[in-house]
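Data block below; observations after.
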Amino acid sequence: MPCSVTASEPSAQAGHATLQRRRRALQLGFFALFLAAPALDLLRFDLHEAQLWFLGQRWTLGITAFQRGEIGATEVALSILLRGILPAVAFVAAFLAVARRWGRVYCGWLCPHFSLVEGLNDLLHRASGKLSLWDRAPVPRGGRVPQRRWWPLFALACAVFGFLWAITLLSYLLPPREIWGGLVGGTLTPNQSRFLAIGSVVFTLEFAFARHLFCRFGCAVGLFQSLAWMSNPRALVMAFDRSRAAECRGCTTADAPGGDACEVACPMRLRPRQVKRLMFSCVQCGQCVAQCEQSHAARSGTPNLQWTIGVDALRETLRQRRNDSGAR
């Protein structure tokens, strides 16, 4: 029996709407931080000085002082250990610990690149009805009718953000004043100009043609999060009640009038009802859960898709493994 949206579960829908607003706010805040960090010396590495800046301070390992004879070998070794190796190991360990329990939450909730992926998806859908240039057929979403006037805006957005990405990454390696001043005054060095030109073209093409592929397979940060998540059977996982799978036939929402609401909502072009190993690049954005809850509100009030963690996630993982074994 097909499912449809009604107002029978306003509190649950309001809860998911609030969750998505918070996610958008975090994305926008981190996006702004990503752009402003080099100019504020919050995080950058100055190639001219071979100097790391962190939170407005020079982060030194004492090597220069050792070369000047101001400190001994023991002191510089201790400084490298305490100010270099241990902080790096602690940061990586904490990052992977979060990923092992909650998956790619950095990607879905903070990553500036993924924020662009979602925005460009929306622009492309307005222009062509597709969420990727590689989609075989249009994806019905929100009752939109594709309009060609959005194509120039999509192309312009890819180009503008491609250039912005290139100049921002360069400002993480060289003083931002030098880069922006050289750009405005036309005094960039040949190497700086080549970096910006090549970087802009590469990023523009990636945003236009391969943004989903990069997130899935090309991003080392996302890949290691996924590997850590897959290693933990108790990690946050999307559980699908297959005993009620028939309810998903013809399941629609206002955003997905053509059915398959959870798949239409997924910005990574995944199929959320699949098993965990096929959801390797899930970014835990929660949009599929929101759509599933809306679509099932009228019939049962209980969505077929739910986030589970801990013991419940372990049961889901074991059940999926049994189903895989039985299928073989």
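Worth saying up front: this structure is predicted, and the values here are computed from it rather than measured.
Salt bridge present: R273 and E263 bring a charged side-chain N and a carboxylate O closer than 4.0 Å. Salt bridge D122/R141: absent, no basic N to carboxylate O contact under 4.0 Å.
Judged as a salt bridge (Lys or Arg N to Asp or Glu O under 4.0 Å), and not counting sequence neighbours, E178 has no contacts.
The closest donor-acceptor contact from the side chain of R83 to the backbone of T60 lies under 3.5 Å. A donor-acceptor distance shorter than 3.5 angstrom exists from the side chain of S200 to the backbone of L196, with no hydrogens or angles considered. With hydrogens and angles disregarded, no donor-acceptor distance shorter than 3.5 Å links the side chain of D46 to the backbone of Q51. A donor-acceptor contact shorter than 3.5 Å links the side chain of S115 to the backbone of C111. Counting only distance, with no hydrogens or angles, the side chain of T168 and the backbone of L35 share no donor-acceptor pair below 3.5 Å. S128 places no side-chain N or O within 3.5 Å of a backbone atom of H125 that could act as its donor or acceptor partner. Judged by distance alone, the side chain of R23 and the main-chain N or O of G108 form a donor-acceptor pair under 3.5 Å. Side chain of H113 to backbone of C219: no donor-acceptor contact under 3.5 angstrom is found. Side-chain atoms of Q192 never come within 3.5 Å of backbone atoms of L188 as a donor-acceptor pair (strictly under, hydrogens ignored). Without hydrogens or angle criteria, D135 side chain to S132 main chain gives a donor-acceptor distance under 3.5 Å.
F30 and W109 have their aromatic ring centers separated by at least 6.0 angstrom. Between F34 and W165, the ring centre distance stays below 6.0 Å.
By the rule that hydrophobic residues join a cluster once side-chain heavy atoms approach within less than 4.5 Å of another member, V311 and W102 end up as members of separate clusters. L116 and L156 fall into different hydrophobic clusters, where Ile, Leu, Val, Met, Phe, Trp and Tyr residues are linked whenever their side-chain heavy atoms come under 4.5 Å apart, directly or through other members. Connection of L61 to L82 is established within a shared hydrophobic cluster, with ILVMFWY side chains joined at heavy-atom distances below 4.5 Å, either directly or through further cluster members.
Looking at Y106 and V221, their side chains come closer than 4.5 Å, going by heavy atoms from C-beta outward. Put simply, the side chain of W134 reaches to within 4.5 Å of the side chain of F209, judged on heavy atoms. Using a 4.5 Å heavy-atom cutoff, the side chains of V289 and M238 are in contact. For the pair Q306/F240, no side-chain contact is recorded, criterion being any heavy-atom separation below 4.5 Å from C-beta on. Within the 4.5 Å cutoff, no side-chain heavy atoms of P146 are placed close to those of R126. At a threshold of 4.5 Å between non-hydrogen side-chain atoms, the residues L205 and V201 count as touching. Residues I167 and F163 form a side-chain contact, since some pair of their non-hydrogen atoms from C-beta on lies under 4.5 Å apart. The shortest side-chain heavy-atom distance between Q291 and C266 does not fall under the 4.5 Å cut-off.
At most 12 non-hydrogen atoms from other residues, nucleotides or ligands lie less than 6.0 angstrom from CZ of R177. Taking a 6.0 Å sphere around CZ of R24, one finds it holds more than 12 heavy atoms contributed by other residues, nucleotides or ligands.
Counting only residues at least two apart or in different chains, ring-ring contact (aromatic ring centres under 6.0 Å, His included) contacts with residues 35-60 comprise F54-W59.
Annotation for M279: hydrophobic cluster partners, listed by chain and number, are F114, V117, M268, L270, V283 (ILVMFWY side-chain heavy atoms under 4.5 Å, direct or chained).
Using a 30° and 60° split on the angle between ring planes, F31 and F161 fall in the perpendicular class, above 60°. Using the six-membered ring where Trp is involved, W151 and F154 have ring planes that are perpendicular, over 60° apart on the 30 and 60° scheme.
Minimum heavy-atom separation, C262 to P272: O-CG, 3.7 Å. Closest heavy-atom contact between S231 and R100: OG-NE, 3.5 Å. Of all the heavy atoms in L124 and L133, the pair that sits closest is CD2-N, 3.6 Å. Summarising the geometry of Y172 relative to A37, their closest heavy-atom pair is OH-CB, 3.5 Å, with the distance given to 0.1 Å. Taking every heavy atom of both residues into account, Q225 and V105 meet most closely at OE1-N, 3.8 Å. Counting all heavy atoms, side chain and backbone alike, L236 lies closest to I309 at N-CG1, 3.7 Å.
A donor-acceptor pair shorter than 3.5 Å can be found between the side chains of R211 and N121. Side chain to side chain, W307 and Q284 meet the donor-acceptor criterion of an N or O pair below 3.5 Å. The closest side-chain donor-acceptor pair between Q27 and E118 falls under 3.5 angstrom.
Rounding to the nearest 0.5 Å places CZ of R104 at 9.0 Å from SG of C282. Rounding to the nearest 0.5 Å gives a distance of 14.0 Å between SG of C292 and CD of Q287.
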